[in-house]
Every structure is written in structure tokens, then in C-alpha cells.
Visitor: 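I have a structure here, written as C-alpha cells, and I will follow up with some questions on it.
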Amino acid sequence: MVVRESLGSGLDDIRKDWKIVNIREIEKIIDAFHENHPVLRGNKQQVIFELLTAFEDLCSLTVISSMLNPFALKKITDHMDALNQALNWVENSSLNCSDEPIDSKISEERYKQCVSFLTDYAYPYSIICSGYISYSRKRLDVAIEDSNVTFKFPEDGNASAWSDILRESKKADFGGFMENINPVKLASANSKLQKEIYIQDEQLCYELSKDVLDVFIDVAQEQWNSTKTLPDSWKFDMFTLDEYRQVWVVIAALCYIHFLSCLSIKDAGIRLKNSSIIKPMESIVDHITSITSIERETVLHIVSYITFEPSKRNIDIVYQPIVIMQGEIAVIAPILFMGSRPERNLLSVVSSKTDFEHSKEVNDLEDLMVQEIEEVIEDNEDLRIIKHKKLEGRLPDIDLGIFDTSSNAVLLCELKWFMEADSSKEVYAREDDITHGCEQSELIMGHAMKDRKQFMRNVFDAGNGDDVDLFCCVVAKHNIRTQNKYVPVINLSKFKELFSTKLPSTVFHIIRNHEYEESLPEDASITYQTVEYGGFVFKIPAICFGSMPE
């Protein structure tokens, strides 16, 4: 089945004269390329269900293939990106909603259409979007030659960009999934689970003993622990972080159980039909309240936070993985829970709402960064440390200042805490935060350099500051990409690593000279990711590692 031919003639007409095609005209072409795809037939709820089902089955097949090739797990992240884009297209399509219940049985032809929509359309489009977003933010230039579109870094761009890409490429592609799980314990629980699985009228059924359920709750808890960063005492307007954790762990445990149960089904059609969890929302809430001690109203508040809101701008199915269908029927693709970083995803949702308690908590996070830094800086009589020092007028505060009296040098640190970015849009939002921090650092440095002696007396209560060596940096919790070429920006983990292993004077030298930035390994090369879509060939900057499989 070749579904791409549906727009062929129209695209040929547009391309008759390549000279008149610019980057924005190409954007209009590829934005409309998916619209005649046969998957966009029927009602909106049914199409959403079918895409969730196809996505879950693709991920199941990926997990199976990863047993022979661990690198295959990266495809799950790709499938997530594709699903998110596909659901966005469905929401913005002309499909109508329906009162009819969803049909869980999907034909082979319909399954192939959904797979095509996800892998041949939504996924490549999501990659191209990152290039367009970077171009719109003036982070990339673009060159067009016939049907070839190449995004590239400007010659005068920040040289740290490759360091940022390298650092991000080292992160786990499938956050949290099976990384900190006791395989023996899981295998034992799965062995017991398999004995309780049966098929009735093509429906997957399983009975859960407390022993089996407890093990999978432990598995989900370990996943939470492996990605947690926030203090346990955090709270929001409608629930505490600990209450959210308990609810999430129970749902994630059900997802692990359902996922492993589905893997045991030999009939592909029955496996596909049962790949997603389909339950009344009330039944899921009842299950959660029966296992936890949380009030039902609180559980409802938490569940509403992770219920998909397709009409909401910039929402992501990974952040809100519960989809509600007609009749308050919940549909959950298990891999969306199993492959998530729950704390980080919660913050993405909470930050989009008006939450007074969350706002207060965020203001305290930079204090936690200071505490982390103080813990790794050894007691040293040559060091003087100041925190949250107010300056005169409308100048920003100094978050952290470190005065090394032995080398007569001062490092002034602007601290920036923010959740880790998962998309191009979020990366640039974090970049804006960092850029603001660099600007604040420059204001403080300008003030300090006007009268070093007075500055040292006021800030560090130190005399003889005329010849002190002053410089600054921004310390960021996560992503550190920035367009500022002068103020060093270093992430918190690297900052702590340096101070825990080297003398302060050496750390100062490393930060000032940007020597903390990652260098390309010998088997890595700067190249492009090539994506063919809508009759065009797009090239987006990337790093290729020689040891990675094709």
C-alpha cells in the first residue's frame, strides 16, 4: 500500500519552478502532506484509539527485538514522538466526535495504515519540526537546492552547540524503563503472572495475587526512584508530591502487568486488540483507592492532571498518558507509563496550570542547588562563600559567590533550576532562562568591576580588593545551551564533580576557559540526519558515533 501517492500531482505542480520555492513555502507543503492519508477516516475517538493501539504494538515488537539488539530500545522514544505528532494532527483535523463506543478490533489493513501514519509521516515530520523551530529561533541557517533542504549551524554561532548535543546524546533514550529493576525479582513475578493469564472471547484476562501485585508495585517504585529529583516534601494545590507518587506507581504497576501479559499472547490479532488497557475510569480510581490510603477526591484530582487534553497547546501524550473515551472509558497505552520520567512529566503539566504551591516550591529550588554545592566543597580556610547576597538598587542578587583567598580570585555564580527539556520548544524555553541568567551575571560583573575594592568589602567583607580576579558563570540544573559567548554556563553535576575532585584555583581556570565542555570522542563525527518527506530531502545537524549500528 503506497499512501504517499495521494498528494503527488499537487506537489508536482508546486515544484515546477524550484526558484520560487523558499523555506516557508516548503513548510506549507509538508504541513499539508498528511491530510489525505487514509488513516484520517471515521470518528475522532476511534482514530485516536487505533493510533494508541498501533503505537503500543510497535513498542511491544521493539522490546522483543531489543533482546537481541539493546540499541533497538531507542525506537520507543521515536514512536512516542510520532504518536504525539499524530494525535496533534487528529485533534486539528476535520474528523467529528461520536457517541458510539470504540471498536477494539482493528483489521490488518487498518493497522498497516496506522503504522504508516506513525512511522512514515508523523515521525519524520517531528524531526523536521526541530529543524524549523531552530531556524525560526535563528539558531540554524538553511540552504535550499532543488528539493534538498539543509539546516546548518551559522559560522558565527556558539561553538558549545556540539557539546550540548553530545551531552544530550548520552542520556538514556528510554528514560527509566527497566534500568534499575531487579531482573531476578521481575522474572519470578512474571512467572507467577503467566499462570494467571487467560483469553476469554478474545479478551485478555488475568487475576492478581497480592504477591504478584506487590512485586510490580516495587518495579514501578524503582522506576520513580531512578528519575526523581524533587524533595519528598513538595506539595501542590490539590495534592502532595508523595500522593501523586503513590497514584502513579499503582497505575504504572498495572501497565507493567498488562504489557507482560500481552507479550504472552501468540495470536497477533488478539494481542493487538488487547495491547492497550481499556477500563472505566471509575474502576481505575477504585483500584487506586483500595491500594493506597489517599482520599478518593485527591485521587480524582491527580488522575485529572494526567488525563490527555488534546486541545491544550503544546501538550504531550507522554505528560498526560490517560485518554478518556465516550462513557468515561479510560484507554492507556502501557508503554507511556513504563517509558516515562514521572516527576519531570508532572512538572510540565503543573507549570501550565495556575498552582500557587508549585510557584512557592520553585522559588526554593535554587536553595537546594546551593546546598548540593556546599556539600561537595571541602572545608577550606582559604575559601569564603556568600549566598543570596543583595546588591544595591535594582541589581540582581548574587546567588552564590566563592572567594579563593589563596589565588585572590572570585567566582560569582548565577543559579538556574528548571525541569529537563524534552522537546525543541522546551529546549529553547530553557535556553531563554539561561540567557537571562547570563545577562544578570553581566550586570553584576559590570557593577563589581566599577570599584572592585568597594565590591569586595560589601560582598565578602574583605579588604585589599583592588587586584582581585573577578569572573562569573551560570550554573544550570539541566540543559545548558546558550547563545551567550562570554559567560560560561556549566551544569550542576559537572560543577559539583569539579569541586569534589580538584583545587578551587584549578576549577576556576577550567570554568573560565570553558574546559568543562565535552569533546567529541574518536569514533564520533559531525554529520546530518537525513529525512525524506513530502518530496523533499531534509538534513538536520547530528552527531554520528562509529560504534552505533546502522
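Keep in mind that the numbers below use all heavy atoms, side chains included, and drop hydrogens, waters and symmetry copies.
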Visitor: With sequence neighbours left out, what residues match Glu297 under side chain to side chain contact (heavy atoms under 4.5 Å, CB included)?
Guide: His301
Visitor: Once side chain to side chain donor-acceptor pair (under 3.5 Å) is applied, do any residues pair with Tyr125, and if so which ones, sequence neighbours excluded?
Guide: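 Listed in chain order: Asp31.
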Visitor: So Trp89 and Leu87, do their side chains get closer than 4.5 Å, heavy atoms only?
Guide: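 No - every pair of side-chain heavy atoms lies 4.5 Å or more apart.
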Visitor: Less than 4.5 Å apart, any side-chain heavy atom of Gln45 and any of Cys97?
Guide: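 Yes; the side chains approach each other to less than 4.5 Å.
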Visitor: Tell me which one of Phe538, Phe33, Tyr132 satisfies ring pair (Phe, Tyr, Trp, His ring centres under 6.0 Å) with Tyr533.
Guide: Phe33
Visitor: Kindly compute the distance separating CD1 (Ile128) from CD (Glu27), expressed to the nearest 0.5 Å.
Guide: 10.5 Å
Visitor: To the closest 0.5 Å, what do you measure between CD1 (Ile76) and SG (Cys59)?
Guide: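 It comes to 5.0 Å.
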Visitor: Kindly write out the residues that satisfy side chain to side chain donor-acceptor pair (under 3.5 Å) with Ser93, not counting sequence neighbours, or none if the list is empty.
Guide: none
Visitor: Looking only at the side chains, is there a donor atom on one of Gln85 and Asp81 sitting less than 3.5 Å from an acceptor on the other?
Guide: no
Visitor: So that I know where these two stand, are Tyr305 and Phe239 an aromatic pair - ring centroids less than 6.0 Å apart?
Guide: yes
Visitor: Who are the side chain to side chain contact (heavy atoms under 4.5 Å, CB included) partners of Tyr198, not counting sequence neighbours?
Guide: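 Partners of Tyr198 by the side chain to side chain contact (heavy atoms under 4.5 Å, CB included) criterion, ordered by chain and then number, come out as Gln200, Cys205, Glu207.
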Visitor: Establish, from distance only, whether the side-chain atoms of Tyr256 and Gln223 form a donor-acceptor pair under 3.5 Å.
Guide: yes
Visitor: Hey, what do you get for CG (Asn84) to CD1 (Ile317), rounding to the nearest 0.5 Å?
Guide: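 Result: 7.5 Å between the selected atoms.
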Visitor: List the atom of Cys114, the atom of Val39, and the distance in Å for their closest heavy-atom pair.
Guide: SG-CG2, 3.7 Å
Visitor: Evaluate the side-chain contact (heavy atoms from CB on, under 4.5 Å) criterion for residues Val249 and Thr292: first the C-alpha distance (whole Å), next the side-chain angles of each, then the deciding distance (0.1 Å), finally the verdict.
Guide: CA-CA 10 Å; Val249 164; Thr292 68; over 6 Å; no
Visitor: What distance separates Leu336 CG from Cys255 SG, expressed to the nearest 0.5 Å?
Guide: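 Reported to 0.5 Å precision, the distance equals 8.0 Å.
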Visitor: Check step by step if side chain to side chain donor-acceptor pair (under 3.5 Å) holds for Asp242 and Gln246.
Guide: CA-CA 6 Å; Asp242 187 63; Gln246 292 182 60; 3.1 Å; yes
Visitor: Identify every side-chain donor-acceptor pair in residues 278-290 under 3.5 Å, counting partners at least two apart or on other chains, and give the distances.
Guide:
| unit_1 | atom_1 | unit_2 | atom_2 | d |
| --- | --- | --- | --- | --- |
| Asp286 | OD1 | Arg296 | NH1 | 2.5 |
| Asp286 | OD1 | Arg296 | NH2 | 3.1 |
| Thr289 | OG1 | Val285 | O | 3.1 |
| Thr289 | OG1 | Asp286 | O | 2.9 |
| Ser290 | OG | Asp286 | O | 3.4 |
| Ser290 | OG | His287 | O | 2.7 |

Visitor: With Leu346, which of Tyr319, Trp234, Phe236 fulfils side chain to side chain contact (heavy atoms under 4.5 Å, CB included)?
Guide: Phe236
Visitor: Step through it carefully: locate the ring centre of Tyr121, locate the ring centre of His34, and say whether they are under 6.0 Å apart.
Guide: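 Here the rings of His34 and Tyr121 have centres that are no less than 6.0 Å from each other.
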Visitor: By the salt bridge (Lys or Arg N to Asp or Glu O under 4.0 Å) test, which pairs, at least two apart or in different chains, include something from residues 208-221?
Guide: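 Applying salt bridge (Lys or Arg N to Asp or Glu O under 4.0 Å) to every pair that reaches into residues 208-221, excluding sequence neighbours, yields Lys185-Asp218, Lys210-Asp214.
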Visitor: May I ask you to say whether Lys477 pairs ionically with Glu372, meaning some side-chain N is under 4.0 Å from a carboxylate O?
Guide: yes
Visitor: If you count heavy atoms of other groups shown closer than 6.0 angstrom to NZ of Lys539, is the number above 12?
Guide: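 It does not: Lys539 NZ has 12 such atoms or fewer within range.
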Visitor: Mind checking what makes side chain to side chain donor-acceptor pair (under 3.5 Å) contact with Asn225, not counting sequence neighbours?
Guide: Gln221
Visitor: Could you check Phe216 against Leu193 for side-chain contact (heavy atoms from CB on, under 4.5 Å), going step by step and ending with a plain yes or no?
Guide: CA-CA 10 Å; Phe216 285 102; Leu193 172 64; 4.1 Å; yes
Visitor: Can you find a heavy atom in the side chain of Ile48 that is under 4.5 Å from one in the side chain of Met325?
Guide: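 Yes, their side chains come closer than 4.5 Å.
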Visitor: Between Val247 and Thr298, is any pair of side-chain heavy atoms under 4.5 Å apart?
Guide: no
Visitor: Counting C-beta onward and ignoring hydrogens, is there a side-chain heavy-atom pair between Val323 and Leu52 closer than 4.5 Å?
Guide: yes
Visitor: Would you call Glu497 and Lys494 a salt bridge, using N to O less than 4.0 angstrom?
Guide: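 The answer is yes: the pair qualifies as a salt bridge.
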Visitor: So, do Phe536 and Ile29 sit near enough that their side-chain heavy atoms are less than 4.5 Å apart?
Guide: yes
Visitor: For residues Phe151 and Pro541, determine if any side-chain heavy atom of one lies less than 4.5 Å from a side-chain heavy atom of the other.
Guide: yes
Visitor: Determine whether more than 12 heavy atoms belonging to other residues, nucleotides or ligands lie under 6.0 Å from atom CD of Glu295.
Guide: no
Visitor: To the nearest 0.5 angstrom, please state how far the CD atom of Glu56 sits from the CG atom of Leu83.
Guide: 10.0 Å
Visitor: Let me have the donor-acceptor pairs involving side chains of residues 257-275, under 3.5 Å, with sequence neighbours excluded, atom names and distances please.
Guide:
| unit_1 | atom_1 | unit_2 | atom_2 | d |
| --- | --- | --- | --- | --- |
| His258 | ND1 | Tyr206 | OH | 3.0 |
| His258 | NE2 | Asn274 | O | 2.6 |
| His258 | NE2 | Ser276 | O | 3.4 |
| Ser261 | OG | Ile257 | O | 2.7 |
| Ser264 | OG | Gln194 | OE1 | 3.3 |
| Ser264 | OG | Ser261 | O | 2.5 |
| Asp267 | OD1 | Gly269 | N | 2.9 |
| Asp267 | OD1 | Ile270 | N | 3.0 |
| Arg271 | NE | Asp57 | OD1 | 3.2 |
| Arg271 | NH2 | Asp57 | OD1 | 3.4 |
| Asn274 | OD1 | Leu204 | N | 2.8 |
| Asn274 | ND2 | Glu202 | O | 2.9 |
| Asn274 | ND2 | Ile270 | O | 2.8 |
| Ser275 | OG | Leu272 | O | 3.0 |

Visitor: Mind checking what makes side chain to side chain donor-acceptor pair (under 3.5 Å) contact with Glu100, not counting sequence neighbours?
Guide: none
Visitor: Atom NZ of residue position Lys312 - does it have more than 12 heavy atoms of other residues, nucleotides or ligands inside 6.0 Å?
Guide: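 Check passes, neighbour count above 12.
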Visitor: Could you pull out all residues at least two apart from Pro101 that satisfy side chain to side chain contact (heavy atoms under 4.5 Å, CB included)?
Guide: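 By the side chain to side chain contact (heavy atoms under 4.5 Å, CB included) rule, Pro101 matches no residue at all.
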Visitor: List in chain and number order the residues that pass side chain to side chain contact (heavy atoms under 4.5 Å, CB included) with Thr307, two or more places apart in sequence or in another chain; answer none if no residue qualifies.
Guide: Val303, Ile322, Ile324
Visitor: Which pairs count as salt bridge (Lys or Arg N to Asp or Glu O under 4.0 Å) when at least one residue sits in residues 317-329, sequence neighbours excluded?
Guide: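 Sorted pair list comes back empty.
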Visitor: Before giving the answer on side chain to side chain donor-acceptor pair (under 3.5 Å), spell out for Gln46 and Ser98 the whole-Å C-alpha distance, their side-chain angles and the decisive distance to 0.1 Å.
Guide: CA-CA 9 Å; Gln46 183 66 33; Ser98 171; over 6 Å; no
Visitor: With rounding to the nearest 0.5 angstrom, report the OG to CD distance, Ser348 to Glu343.
Guide: 11.5 Å
Visitor: Answer yes or no: is there a donor N or O on one side and an acceptor on the other, between the side chain of Thr62 and the main chain of Leu58, under 3.5 Å?
Guide: yes
Visitor: Does a side-chain N-to-carboxylate-O contact under 4.0 Å join Glu196 and Lys192?
Guide: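 No.
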Visitor: Check whether any side-chain heavy atom of Val90 sits under 4.5 Å from a side-chain heavy atom of Leu95, and report yes or no.
Guide: yes
